[in-house]
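Residue numbers run from 1 in the order of the sequence given. Bear in mind the structure is a predicted one, so any value in this text is a computation, not a measurement. FYI, side chains are in, hydrogens and waters are out, and symmetry mates aren't considered; it's all heavy atoms of this structure. First listed ligand is number 1; within each ligand, the first listed atom is number 1.
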Amino acid sequence: MVMEVVLKNLFKKPMTIKFPYESIETAPRYRGKHEFYIDRCISCAICQRVCPNQAIRMVPSKNKEKYPKLYPEIDLGKCCWCGLCEEFCPKDAIKLTQDYFLSTFDPNTVILPPDREKDKSLK
Ligand code: SF4
Ligand code: SF4
């Protein structure tokens, strides 16, 4: 009986993948790491107000000459991935991407400042 099961499964494709060398596609509406488009933002702070986990703080940009107002800084450590910031933003300035590669040993990397570099690998 055992041998029968072994033989039956021996030539089947594995059910697992070699993560992190391989990954599976996320669902189309998966809510992952936030992308922020500072040029679209009008600093209305609606994202901050609707965030149920207080994961968003309005902070100054590093480039105060070009961006003189306050912009959202997102703490991924507090985020519950509800997507309300994206849904309520009147300018589509926040977009939750399909990036779920968020594990880190550096707690500072979970804070996303408003003028962060765009991640070119994102879809
Ligand atoms: S996804 Fe939800 S919890 Fe996370 S920052 Fe946006 S509003 Fe806050
Ligand atoms: S990201 Fe959107 S909701 Fe948040 S401050 Fe900018 S425009 Fe307003």
Specify the protein heavy atom at minimum distance from [atom]: its residue, its atom name, and the distance to 0.1 Å.
atom                    : result
atom 4 (Fe) of ligand 2 : Cys47 SG, 2.4 Å
atom 8 (Fe) of ligand 2 : Cys44 SG, 2.3 Å
atom 3 (S) of ligand 1  : Cys80 N, 3.4 Å
atom 5 (S) of ligand 2  : Ala45 N, 3.2 Å
atom 6 (Fe) of ligand 2 : Cys41 SG, 2.3 Å
atom 7 (S) of ligand 2  : Ile42 N, 3.4 Å

Should you measure from each heavy atom of [X], which atoms of ligand 1 turn up under 4.0 Å away?
X     : result
His34 : 1 (S), 4 (Fe), 5 (S), 6 (Fe)
Gly83 : 1 (S), 2 (Fe)
Cys51 : 3 (S), 5 (S), 7 (S), 8 (Fe)

| query | Hey, what's the ring geometry for Phe19 with Tyr100, parallel, tilted or perpendicular (30° and 60° as the breaks)? | reply | parallel
| Of Cys41, Pro60, Ser61, which is the lone residue that meets side chain to side chain contact (heavy atoms under 4.5 Å, CB included) with Tyr67? | Ser61
Interatomic distance, [X] atom [atom1] to [Y] atom [atom2] [nearest 0.5 angstrom]:
X     : Y      : atom1 : atom2 : answer
Asn9  : Met15  : CG    : CE    : 9.5 Å
Ile94 : Leu112 : CD1   : CG    : 10.0 Å
Phe36 : Cys85  : CZ    : SG    : 10.5 Å
Arg57 : Ile74  : CZ    : CD1   : 12.0 Å

| Is Phe88 near ligand 2, meaning one of its heavy atoms is under 4.0 Å from it? | no
| query | Contact between Met58 and ligand 2, counting heavy atoms under 4.0 Å? | reply | yes
Just which atoms of ligand 2 are under 4.0 Å from any heavy atom in [X]?
X     : answer
Ala93 : 1 (S)
Pro90 : 3 (S)
Phe36 : 1 (S)

| query | For ligand 2, which part of Cys89 has a heavy atom less than 4.0 Å away: the side chain, the backbone, both, or neither? | reply | both
| Which segment of Tyr71 sits under 4.0 Å of ligand 2 when only heavy atoms are counted | neither
| note | All heavy atoms of Leu96 vs all of Gly83, minimum pair found to be CD2-CA, 4.0 Å
| field | Salt bridge Glu35-Lys95, side-chain N to carboxylate O under 4.0 Å | value | no
| N/O/S from Cys82 sitting under 2.8 Å away from atom 4 (Fe) of ligand 1 | no
| said: Looking at Pro28, is its backbone amide N or carbonyl O close enough to the side chain of Gln98 to form a donor-acceptor pair, meaning the two atoms are under 3.5 Å apart? | reply: yes
| said: Under 2.8 Å from atom 6 (Fe) of ligand 1 - does any N, O or S atom of Cys85 fall there? | reply: yes
